[in-house]
Amino acid sequence: RALLSPPAGALRALRGLAAGPEMHFGFQSVTEEERRERIYQVFESVAKKYDVMNDSMTLGIHRVWKDILMHKMNPSPGTLLLDVAGGTGDIAFRFINYVRSVRERQLQRKLKHHQNLSWQEIFESYQKDKFNSLGDSQVVVCDINREMLKVGKQKAQHLGYSEGLSWVLGNAEELPFDDDKFDVYTIAFGIRNVTRIDLALQEAYRVLKPGGRFLCLEFSHVSNPLLSRLYDLYSFQVIPVLGEVIAGDWKSYQYLVESIRRFPPQEELKAMIEDAGFFKVDYENLNFGIVAIHSGFKL
Amino acid sequence: GSAHGRHCHRQQEQGSGSASGSGSGSARPQPPEPSLLRFLVCPLSKRPLRYEEATNELINEELGIAYPIIDGIPNMVPEAARMTHKKAPGQGSEQP
């Protein structure tokens, strides 16, 4: 990996006296404070091109991953979802679509069984508002980055999402939500960028209702050696170039690729989730471990 | 954007009612989603907040801090908060 020899010695010398423990920013060694700052800047920089880049880098497959996450969640109408690091709204919109279609099927089944409705009743049943098309489902999108939220909100407006959706600027490590509030907590491609993952997991546990579910979709580790080599080649040779060509930002995508390599593998993340108090913790590999969905319950 | 010109008898020079993305100084502050207020607490103390319409902020009386709502999005991070004994933004004194 001659391409990326990090200037470890020089950096450490400069920061040797700096406050706080040393952490990683991709392959660089930085203080906690710097790491937060840099990550904030990465996402501030990529926000407007975030979706385009996701499509280019993953050849659109990230959409499938997110769909799978939603199917795994299988939310019923009335579910309260907290989507953390949900910036541009991908998970939130899918959630709304999902509960809306479940709700529609519920209503259709109900109507089919009431064969002897009066015309008045049939008329009323077509007034969607009366039947609450989302069935009281709600999703709160929480992200620490204002630019990402801005893009998400604009997207929502553009695509016509308004009901049951709200946006909050907050820190995954210090959530501004009360205890035992949410049915489901999701964090999709976000936990990798959290500086104190243990705190974020503890907060996730805190805000979930008893019986609530934690779901994490994140890049993970490929164990197959051949695939791993190909994946590395693609990651380090292609992605930063795409980043430069599409978003004019090589460095941010270099960070992205490095942060994936630095992130704990499946079993280690599972252990961390268990440490936060979750039960029945499990994970599912997608595409041989390029991505994994971790799940846990607050019991 | 779509044309809202169906019954456009009034002449509106500044934008036809679409969302005020390019905020000038006199942009109307957007209040938060009412449903959101059910869930929100102070991230530091996890205690309830009071919505102050006058300044469009969420106030933690106990700690004396106020979180701003910017473009309809509550900024629930301590870095964004101000101490309530200081003047609110737009009420005279300059804030750093």
Review point. Do you know which of L49(B), V41(B), V77(B) has the most heavy-atom pairs under 4.5 Å to chain A?
Key: V41(B)
Check whether more than 12 heavy atoms from other residues, nucleotides or ligands sit under 6.0 Å from atom [atom1] of [X], and answer yes or no.
| X | atom1 | value |
| --- | --- | --- |
| K251(A) | NZ | no |
| R262(A) | CZ | yes |
| E44(A) | CD | yes |
| K155(A) | NZ | yes |

Point to revise | Under 3.5 Å donor-acceptor, K153(A) side chain and D71(B) backbone | key: yes
Practice item. Considering only heavy atoms, give the residues of residues 167-187 of chain A separated from chain B by less than 4.5 Å, sorted numerically, with 'none' for an empty result. Key: W167(A), V168(A), L169(A), G170(A), N171(A), E174(A), L175(A), P176(A), F177(A), D178(A), K181(A), F182(A)
Practice item. Name the region of R38(B), side chain, backbone, both or neither, that has any atom closer than 4.5 Å to a heavy atom of chain A. Key: both
Revision key, fill the gap. Under 4.5 Å to a heavy atom of chain A? For P48(B) that would be neither
**Study point:** Spacing of CG belonging to L82(A) relative to CZ belonging to F39(B), to within rounding of 0.5 Å
**Key:** 9.0 Å
Review point. Measuring heavy-atom distances to chain B, does Q154(A) have an atom under 4.5 Å in its side chain, in its backbone, in both, or in neither?
Key: neither
Practice item. Return the minimal non-hydrogen interatomic distance between I70(B) and R146(A), and the atom names on each side. Key: CD1-NH2, 3.7 Å
